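Single-structure report; data block below.
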Number of protein chains: 2
Amino acid sequence: MTTYEAPVRDMKFLLQDVLQIGKYSNLPGFSDASEDVLDAILEEGAKIARDVVHPLNTVGDKQGCVRNDDASVTTPKGFNEAYQQLVEGGWMGLTSDPDYGGQGLPNIVGMAWSEMLSSANQAFAMYPGLTHGAYAALHHHGTEEQKKKYLPKMVSGEWGGTMNLTEPHCGTDLGMLKSKAVPVGDGSYKISGQKIWISGGEHDMAENIVHLVLARIEGAPEGVKGISLFVAPKYFVNDDGSLGDRNGVSCGGLEEKMGIHGNSTCVMNYDEATGWLVGEENKGLKAMFVMMNEARIGTGMQGLGQASVAYQNCVPFAKDRIQGRSLTGPKNPDGPADPIIVHPDVRRMLMNQKAFVEGGRAFTFWMSLYTDLLTKSPDEEVRQKASDYLALLTPVLKAFLTDRGFKSCIEAQQVLGGSGFTQEWGIEQFVRDCRISMIYEGTNGVQALDLVGRKLMAEGGRYWQTYFKEIDEFVAENEGDADMAPFVAGLKSAKAQLEEATGWLGENAMKNFDHAGAGSTDYLQMFGLTTLAYMWAMMVKVSLGKIADGDSDPLYANKIKTGRYYVDRVLPEIAAHFAKLKTGADPVMALEEEAF
Amino acid sequence: MTTYEAPVRDMKFLLQDVLQIGKYSNLPGFSDASEDVLDAILEEGAKIARDVVHPLNTVGDKQGCVRNDDASVTTPKGFNEAYQQLVEGGWMGLTSDPDYGGQGLPNIVGMAWSEMLSSANQAFAMYPGLTHGAYAALHHHGTEEQKKKYLPKMVSGEWGGTMNLTEPHCGTDLGMLKSKAVPVGDGSYKISGQKIWISGGEHDMAENIVHLVLARIEGAPEGVKGISLFVAPKYFVNDDGSLGDRNGVSCGGLEEKMGIHGNSTCVMNYDEATGWLVGEENKGLKAMFVMMNEARIGTGMQGLGQASVAYQNCVPFAKDRIQGRSLTGPKNPDGPADPIIVHPDVRRMLMNQKAFVEGGRAFTFWMSLYTDLLTKSPDEEVRQKASDYLALLTPVLKAFLTDRGFKSCIEAQQVLGGSGFTQEWGIEQFVRDCRISMIYEGTNGVQALDLVGRKLMAEGGRYWQTYFKEIDEFVAENEGDADMAPFVAGLKSAKAQLEEATGWLGENAMKNFDHAGAGSTDYLQMFGLTTLAYMWAMMVKVSLGKIADGDSDPLYANKIKTGRYYVDRVLPEIAAHFAKLKTGADPVMALEEEAF
């Protein structure tokens, strides 16, 4: 059986020591996030994650969701009770707008809670996760009337929310979507079509489900320029807020999947369902992107979250399981063998995970802070930088943390040997659940193309130039510090290679766009590796400062050692990615299609 | 739904063009493997794999095995019929000793068939696979009486065979095993204890199951020096060959696993079961190693086999699924979008798989040929080289092909996007089934330790010195050939780094054994990458020769392009592994145990 204990200490280190959110107490929401409040939220959240949500993780996997004959969906035993507990505790609207009943706390605080929830039970966490995405899109693009009608109950969690994009013949390429919206004349539309892979599309935990759905208004242009966003609730909402008739949208079936069985992945049939336009006609994709960018950061966090809980669950095995002797002499001489944690190759797998999880958490929290600054900072320059960084780094965060998060789960599983393959030990579920995060919200290949095809070139390269300059400044500031030397040297070399690769792409993509496509994944990996090197350098710097100040918490010395592992044992991969990228499109594209 | 078409053309290329097995027609078995016979076996085997065995792959996964109240185990629907078809067709004893009813064909021919079977249905293929391992151990170490009693029915497949090593508290470290054997006085022993994770330990496809089991004879020394090997059949065998009473060994339960659901993974309870010694007292581990080395090569092949079938099943999706447009202009201008195979990042995933599968197959077949030469060559020098190479490269083959085979399955799944995560498309099963091969028959970490801890140092380094010399000679012979230049340069550089790493390990392990342990996995990866570079260089050389001879089969040009991809886009990883290895044990071992 697995367990989950939220990494509260590590989260506090990031929030208070590294990102110093106390500095932002002049911003809306941050003043409410005093150290005491933060402590209370993290401690209480950790309890709920451990005692209420995590125990349902295996149950959810084994039972899955069931679609009944009346097209309703029953979630696994215990999900509903746990969900209501979160609603009652006010956990659903932690970061939502107080005007609609939310607590208005910073996103970065919400991120800490989301990670806990996702680590504890990814399939469960997706229900409130998607609801929050739908809330964000409606909050940003909805009319005042729509917001008043839908948001309060979505904020409380009494109602769920979904995003309906994919159709059987198109996912990535939404320009091909066929769902139709016919204006009725009263401001509403009749929406018809089929959507697939709709997470939380139908379930029994919320009174109502607010679907946001992309469709093409009759007569709209073809392609992405003719797509509009609509809100179509499962039950109509009367003017007094009570629920009315059932709308013409229903679950046509559930997907059988490799993992996240506790989440209902629905085929949604829209049969002249009534919907109302959200935002402008034909600008639905833009409106949906508010949701999508939030969802992409959330998906990256999921990769990290599964890696974190998988790591936690392989450590006790490594300490308890005795097998063989240390290469340097018995470490448990009174026992018949040593615990396997003495073996350097087991330690290597643990360190890989630890260096990834802590570095990845720093990356996620750092980005999350920028989502706060983007809307809350009074300083236009800060808002611009936040916007640039989020545009540039969201695809990196999504793909890098899910690719590596999955690898990290695989290593946790490997530590357990044969036990890792049996369902009884539970780690194999983390692997299966984690796998989806590399795929949904835009496959990792799509993220890589977004990075090289859009984000690098935007604003004449301003995004990456600003970022590289920040790293240069950090390097210049710390280069003279002997304790920082290996970390600064690693970061400097990584950034130099990344910058050279950026130049290579700029030069060669002009000649042949396929050079950019063929190098996109390697480039994204370089970007992620460099960013984690920056995160580790920041964390080490803070830790050195704490130690110099006489703080004896072992966390700081451990951060330095783990950061050193990252520089020595992970970062060298950047050169391999660079070497591959520089060979260009030819080796990738040489074979004729028939040869595959 | 998945399909499987055995890569007969590629297999023939390896057998006839690259490894030229016709050259060995003077060796036992090879004279029976004429080109016509070989063609017939491959073609007929491909049909059975496609039409009989593969259609049961999904069924086996969904139904799994069931343990009944009487401790019998029922295999999935259709398994028994398919199994009997293989027995009747003589497929079980393809490479077995003709003295016991086998066909005596070369192991390398058997390997081609095993790969087909494993690609078609890994869970199914494990039943005959384990039987053959048990056959090999008995054939090598059994008495004449034992061989006459058990082998003919194991060769035909009428009886199954198993290997019983692991106990709940020990797997890798067999020195701790507790199963006991008490001599009865008539030459037999009463064996008691519990064995776990016994593949095919109990099932309904064979009349009898011959268990090979490790146990400690009462009073034997502790540790590995007190372990003996026994044969304990499920049913006793009367002198006339008929089956007698049931022995005291039974299935106590089945493991629920992440994959290979069609294979019965049993807890086996030995309750004073009668067994007979195989080989010498207290030398059971050595006897079992005959089985284990064969099993390790077979396990590496499984990694390759799943990668091969996963690759096959993602290619049609990449060609059929239309989504987005090529970066270099529409390739399907009349359709609403281009097939995703036009996207360089999709092509990258396909090429990664293709370069791995074809290179890995060459490695497997090449090693398999050495298993033939080891016992069949009249030339002592050849036998010695075969023995050295098998000792050195078996751990590399096992770990490298399963690590990379799994990665390859993951990439196949990624090509399908969301469809890859749904059970309906079937690729996710290849991922789950493939995962076990990194774990069983000695985890990949154990393989790495075997390589650096035993195989490098054995015979004063003769194994690797012989191998490196062969590569040097190949490089020297082909360095002047302009067409071979990139392949020779890649191989030369890889081998130089590998040799330098070998020196680094030799030097530093003396100071601290943990340096070897901490670098073992990176070193093994370097070994594998170099070996595949050698395989690709050999295949390219043969292909260039064929083209020069006027052969217009496109396979040859495709081999050159795929080999080039390997050199440009895979081989650069070797430098990253080397860089990590050289940082030694310190970053890996720095953290205190409490810090995890």
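Convention: sequence-line order gives letters A, B, ...; per-chain numbering from 1. The shown structure was predicted, so the numbers you read here are calculated from the model rather than taken from an experiment. Heavy-atom basis, side chains included; hydrogens, waters and symmetry copies ignored.
Counting heavy-atom pairs under 4.5 Å between each of Q413(B), E593(B), H515(B), M349(B) and chain A puts Q413(B) at the top. Interface remark: of the candidates T172(B), V567(B), T166(B), T172(B) forms the most heavy-atom pairs closer than 4.5 Å to chain A. In terms of heavy-atom pairs under 4.5 angstrom with chain A, the leader among L350(B), I439(B), V588(B) is V588(B). Most heavy-atom pairs under 4.5 Å with chain A, from the set T443(B), T265(B), N558(B): that is N558(B). Ranked by non-hydrogen atom pairs under 4.5 Å with chain A, the options R325(B), Q353(B), K407(B), E428(B) are led by E428(B). Ranked by heavy-atom pairs under 4.5 Å with chain B, the first of E592(A), R435(A), M438(A), K354(A) is R435(A). Between chain A and the options G420(B), A518(B), A579(B), the largest number of non-hydrogen pairs under 4.5 Å is found for A518(B). With chain B as partner, the option from Q312(A), Q414(A), R321(A) having the largest number of non-hydrogen pairs under 4.5 angstrom is Q414(A). Ranking K561(A), H343(A), E256(A), R564(A) against chain B, the residue ahead of the rest is E256(A), based on heavy-atom pairs under 4.5 Å. Per-residue counts of heavy-atom pairs under 4.5 Å with chain B were compared for A355(A), A575(A), G417(A); the largest is that of G417(A). Looking only at heavy-atom pairs under 4.5 Å with chain B, the residue among H169(A), E222(A), E424(A), E594(A) that has the most is H169(A). Contact count versus chain B (heavy atoms, under 4.5 Å) is highest, among G175(A), A448(A), G584(A), A585(A), for G584(A).
A donor-acceptor distance shorter than 3.5 angstrom exists from the side chain of H261(A) to the backbone of D61(A), with no hydrogens or angles considered. Side-chain atoms of K559(B) do not come within 3.5 Å of backbone N or O of T562(B) as any donor-acceptor pair.
Using a 4.5 Å cut-off between heavy atoms, V315(A) contacts chain B through its side chain alone, with no backbone atom that close. Interface remark: V446(B) contributes no atoms to any contact with chain A (heavy atom separation under 4.5 Å). Of the atoms belonging to V431(A), it is side-chain heavy atoms, and not backbone ones, that fall under 4.5 Å from chain B. For A590(A), the parts lying under 4.5 angstrom from a heavy atom of chain B are both the backbone and the side chain. Contact of L581(B) with chain A is made through the backbone alone, with heavy-atom distances under 4.5 Å. Heavy-atom distances place the side chain of Y311(B), and not its backbone, under 4.5 Å from chain A. Neither the backbone nor the side chain of Y440(B) comes within contact range of chain A; no heavy atom of the residue lies under 4.5 Å from a heavy atom of that chain. The contact between S419(A) and chain B is made by backbone and side chain atoms together, counting heavy-atom distances below 4.5 Å. Residue contact with chain A, scored on non-hydrogen atoms closer than 4.5 Å, involves the backbone and the side chain of R432(B) alike. Looking at M176(A), the atoms closer than 4.5 Å to chain B (heavy atoms on both sides) all sit in the side chain, from C-beta outward. When heavy atoms are compared at a cutoff of 4.5 Å, E255(A) approaches chain B solely by way of its side chain, counted from C-beta outward. Of the atoms belonging to E573(B), heavy atoms from both backbone and side chain fall under 4.5 Å from chain A. Of the atoms belonging to P168(B), it is backbone heavy atoms, and not side-chain ones, that fall under 4.5 Å from chain A. Proximity to chain A (any heavy atom under 4.5 Å) is shown, for T422(B), by both the backbone and the side chain. Looking at N512(B), the atoms closer than 4.5 Å to chain A (heavy atoms on both sides) all sit in the side chain, from C-beta outward. Both the backbone and the side chain of P336(B) have a heavy atom closer than 4.5 Å to some heavy atom of chain A.
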Side chain to side chain contact (heavy atoms under 4.5 Å, CB included) between Q497(B) and S493(B), worked out: CA-CA 6 Å; Q497(B) 292 177 73; S493(B) 155; 3.2 Å; yes
Intermediate values then yes/no, salt bridge (Lys or Arg N to Asp or Glu O under 4.0 Å), E167(A) and K195(A): CA-CA 5 Å; E167(A) 299 184 359; K195(A) 297 286 179 177; 3.0 Å; yes
Test side chain to side chain contact (heavy atoms under 4.5 Å, CB included) applied to N313(A) and W425(A), step by step: CA-CA 9 Å; N313(A) 281 280; W425(A) 286 83; over 6 Å; no
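Annotation: K62(B), atom NZ; neighbour count of heavy atoms from other residues, nucleotides and ligands within 6.0 Å is above 12.
The six-membered or imidazole ring of F421(A) lies away from that of W197(B), with a centre-to-centre distance of 6.0 Å or more.
One side chain, N444(B) or T402(B), offers a donor N or O that lies under 3.5 Å from an acceptor on the other. Inspection of the Q323(B) and D338(B) side chains reveals no N or O donor paired with an N or O acceptor under 3.5 Å. For the 3.5 Å distance criterion, the side chains of K331(A) and S326(A) qualify, holding a donor opposite an acceptor.
Contact check for M351(A) versus Y566(A): no side-chain heavy atoms found under the 4.5 Å cut-off. Counting only heavy atoms from C-beta outward, the side chains of H577(A) and L529(A) approach each other to under 4.5 Å. Between E358(B) and D10(B) there is a side-chain heavy-atom pair separated by less than 4.5 Å.
Judged by the 6.0 Å distance and 45° axis criteria, K582(B) is positioned over the aromatic ring of F578(B).
Salt bridge absent: D514(A) and R347(B) never bring a charged side-chain N and a carboxylate O closer than 4.0 Å.
Under the salt bridge (charged side-chain N to carboxylate O under 4.0 Å, His left out) criterion, R569(B) pairs with D522(A), not counting sequence neighbours.
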